[in-house]
Protein chains: 2
Amino acid sequence: MKRKVSLKDIAQHVGVSTALVSYVLNNQEKEKRVGEEMAARIRKAAGELNYQPNQIAKSLKSGKTYTIGLIVADISNPYSANIARIIEDEAKRNGYTVIFGSSDENADKSWDLINVLLNRQVDGFIIAPSEDSESQILYLKENNIPVVLIDRYFPSVPANYVAIDNCKAAYEAVMHLIRNGYRRIGMITYKTKLFHLQERVKGYQKAIEDSNLLDDQSLIKEARESNLKEEVQQQIDELLSLSEPIDALFFASNKLAVNGLKHIKNLKIMVPEKLAIVGFDETEAYDLYHCPITYVKQPMLELGRSAVKLLLDVIKDDSVKDISNLDTELIIRESSGNKK
Amino acid sequence: MKRKVSLKDIAQHVGVSTALVSYVLNNQEKEKRVGEEMAARIRKAAGELNYQPNQIAKSLKSGKTYTIGLIVADISNPYSANIARIIEDEAKRNGYTVIFGSSDENADKSWDLINVLLNRQVDGFIIAPSEDSESQILYLKENNIPVVLIDRYFPSVPANYVAIDNCKAAYEAVMHLIRNGYRRIGMITYKTKLFHLQERVKGYQKAIEDSNLLDDQSLIKEARESNLKEEVQQQIDELLSLSEPIDALFFASNKLAVNGLKHIKNLKIMVPEKLAIVGFDETEAYDLYHCPITYVKQPMLELGRSAVKLLLDVIKDDSVKDISNLDTELIIRESSGNKK
DNA sequence: AAACTTTGCTTAATCGTTTAAGCTGTTCAA
DNA sequence: TTGAACAGCTTAAACGATTAAGCAAAGTTT
């Protein structure tokens, strides 16, 4: 690799010290009293030699890398990829670049990633924390490393976060089903301690209670990420073969919904006539289902942008802001239509 | 932010020079003849102080950042996100991290990104090049900056690349339709000069010719990325209202296919009875369509991994390897079933 | 003309590492 | 008892930038 042009090269080329070159190229000519003619010569040389400052050297000196570490569950998941894209754009708009890593919902991997990124001196983190990673967030906070949580957070860990009101979102989704005449509503979620998913269950339960429906715990099924496809299939089978089978099904994520819908399609169950469906989060797959799926839509743009803005604020003045939960929107389509 | 522990801190703590600490922590104690007891004390101190080396400083010294710059069209696109994830994993396995950027198929943005990443001293690039970005690749090559192109390449620009044989893949997809009895096969592609998409058209045409079907240019439609939804709809309408309408449709990408399928669903056209469909690239959306879509599957894992391996080879010894085109697989499902 | 002030530049330290070169003291062969 | 060989450490320069401090020459004030 051809060695890059450095400040020194310009200095030698013009016949001055590197200090002068640095002043001029950082537009400090006025404050630092650099001669007009000299400044012009330096700028000209920098242009001719196509000088590009070495950010690594700058970073070492300044202690700032203008880099954000982004840790998501899995960058190949549409939800993560979407957020990543928005964060990328907002970061770029502010002169930051993004280094990312996928934790696979695994606390060990997440810890690894945090360390790798810390060693690369990221200025701060945006993290969608995985289960059992409370201590990692605490560690960052204790060391005064700027962090903003996104999508999820731990009620036990005081930290800046940007998220939706999951309980409310689930509540509204289920209430919508109830209003449309459904009475036996099943829910499929992940087997996890993650607070935001617990909240979705809580919202579901609150809607059931508020509507004086039978609060039947056996209607709530928990699938494990590791064996998702099989467990979702089995759980749908169970929900459908109850003595009082379900007439509606609420999925706690788009991945769960897509897996479930494949099975429901194979079973040739009429949606929404026999079974109404509401999903969580967007995916283009919802549109291709024979009857478009109703789903809870998160304000992705706002989530991503707020996360970056909040992080940059924290990086700037280290103060803890708080962010209110963002509102979701229920996109109502045919899959949750009125019960015949 | 609490200042991090540096080599100097350890040195002072133990009462030795930083050089010694560096030798020990880099496991050069034998070569550099460091006393056993001393080495142990240094290691102990490093552990107690929780020393983490500053990669920025290392990079400045070594000229290596162990960072790969990844430029894709759009990280929120499932194809890009998938590749990104594979690249991330393979990079991590080799001690590299990934900085990414989305070019939005725009040469100016791509040039911006290259410069930003160059200033951050990435050791090399993996790029899915956008239209009209030949000069950028040439620039990198001229400056001996390691680059590997992925998914796409320019026949006019000699460069390392990892890609599939797009012509062959399209040929096989269309031949499959022909073998199943379809005769009027339309194709929807992007309006672009990008070689890999031209190749897909070429493969389509070759299949038509080899089968002695009517080579009708009006069956090939080109939609513009900027106005995709509307143009795809209109073009499907056109293809269906020809005096001799199409009985099969080949989409050059998954994004085109998903947009097209939404329209076809709204038109209530029976697939594959009235219209057979073959798509390009995977998406979970294909599975939820009432009749699962046949598609060309790229060997994503191999593409991503080969790209990283090739790049690391180039970084190591600067020699130009060549990579053969990888094979695709046609995943045959109901949407291209035998013509009744 | 002496005493400041201003202008326009240079010097050198610094960030946290790496690493070639040098310095001391011990051991051992001749 | 001299000096070569070696073990075990330190010194200092370097990577490429930033920036406080200093210095010489010219200009201004009294």
Side-chain angles (χ1 to χ4, degrees), chain A residues 1-43 45-46 49-67 118-123, chain B residues 1-43 45-46 49-67 118-123:
Chain A
M1 178 136 57
K2 221 192 302 187
R3 206 181 55 77
K4 289 197 60 177
V5 176
S6 71
L7 270 193
K8 210 174 173 180
D9 297 321
I10 301 181
Q12 281 173 352
H13 191 258
V14 180
V16 293
S17 70
T18 62
L20 213 55
V21 179
S22 174
Y23 291 144
V24 171
L25 297 185
N26 286 298
N27 299 311
Q28 306 197 304
E29 7 169 4
K30 289 283 173 298
E31 306 91 292
K32 304 293 176 174
R33 308 170 314 211
V34 181
E36 260 186 50
E37 193 213 358
M38 189 79 272
R41 281 175 59 200
I42 288 172
R43 256 185 252 281
L49 298 178
N50 187 28
Y51 170 72
Q52 299 288 125
N54 182 325
Q55 294 294 336
I56 296 289
K58 280 195 174 190
S59 294
L60 181 56
K61 191 80 227 296
S62 67
K64 298 214 64 195
T65 54
Y66 293 96
T67 301
L118 268 183
N119 294 349
R120 310 222 165 204
Q121 310 295 120
V122 296
D123 291 342
Chain B
M1 179 134 57
K2 221 193 301 187
R3 208 181 53 75
K4 291 196 58 178
V5 176
S6 72
L7 272 193
K8 211 173 173 181
D9 297 321
I10 301 182
Q12 281 174 351
H13 192 257
V14 180
V16 293
S17 69
T18 61
L20 212 57
V21 179
S22 175
Y23 291 144
V24 171
L25 297 184
N26 286 299
N27 298 313
Q28 306 198 303
E29 10 171 359
K30 289 282 173 300
E31 307 92 292
K32 303 295 176 171
R33 307 170 315 211
V34 181
E36 258 185 52
E37 193 213 358
M38 188 82 274
R41 280 175 59 202
I42 288 172
R43 257 187 251 282
L49 298 177
N50 187 29
Y51 170 72
Q52 299 289 125
N54 182 326
Q55 293 295 336
I56 296 288
K58 281 197 173 190
S59 294
L60 180 58
K61 191 82 230 292
S62 66
K64 298 214 65 196
T65 55
Y66 293 96
T67 301
L118 268 182
N119 294 350
R120 309 222 167 201
Q121 311 294 118
V122 296
D123 291 342

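Residue numbers begin at 1 in each chain, while the letters A, B, ... track the order of the sequences. Values in this document were obtained by computation on a predicted structure and should not be read as measured data.
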Under 4.0 angstrom between A/Ser22 side-chain N/O and D/dA17 OP1 or OP2: no
Flag, side chain of B/Thr18 to backbone of B/Leu7, donor-acceptor distance under 3.5 Å: no
Spacing of A/Gln52 atom CD relative to D/dA17 atom C1', expressed in whole Å: 15 Å
Atom-pair distance (CG on B/Asn54; C1' on D/dC15), nearest Å: 13 Å
Donor-acceptor pair, side chain of B/Asn54 and main chain of B/Ile56, under 3.5 angstrom: yes
Sugar-phosphate only, base, or nothing, as touched by B/Lys61 at under 4.0 Å among non-hydrogen atoms: base
N or O in side chain of B/Asn26 less than 4.0 angstrom from C/dT18 OP1/OP2: yes
Any side-chain heavy-atom pair of B/Ile42 and B/Glu29 under 4.5 Å: no
Rounded distance (Å) that lies between atom P of D/dC9 and atom CD1 of B/Ile10: 16 Å
Within 6.0 angstrom of B/Glu37 CD, more than 12 heavy atoms from elsewhere: no
Whole-Å gap separating P (D/dC9) and CD (B/Glu37): 8 Å
Residues B/Asn119 and A/Gln52: side-chain donor-acceptor under 3.5 angstrom: yes
DNA chain D: 5'-proximal contact among B/Ala39 and B/Ala57 (nearest heavy atom): B/Ala39
Rounded distance (Å) that lies between atom C1' of D/dA14 and atom CD1 of A/Ile56: 16 Å
Contact state string [nucleotides 20-25 of chain D, B base, S sugar-phosphate only, - no protein heavy atom under 4.0 Å]: B-----
Closest non-hydrogen atom pair between A/Val5 and A/Tyr51, with its separation: O-CD1, 3.4 Å
A/Ser17 side chain near C/dT11 phosphate (N/O to OP1/OP2, under 4.0 Å): no
Separation of D/dT10 P from B/Leu7 CG (nearest whole Å): 13 Å
Euclidean distance, atom CE of residue A/Met38 to atom P of C/dT10 [Å, nearest integer]: 8 Å
Length of the line joining B/Leu60:CG and D/dT18:P, which is rounded to integer Å: 12 Å
The single option from B/Val16, B/Val24, B/Val21 passing side chain to side chain contact (heavy atoms under 4.5 Å, CB included) against B/Met38: B/Val16
Residue-phosphate contact under 4.0 Å: B/Ser6 side-chain N/O, C/dG16 OP1/OP2: no
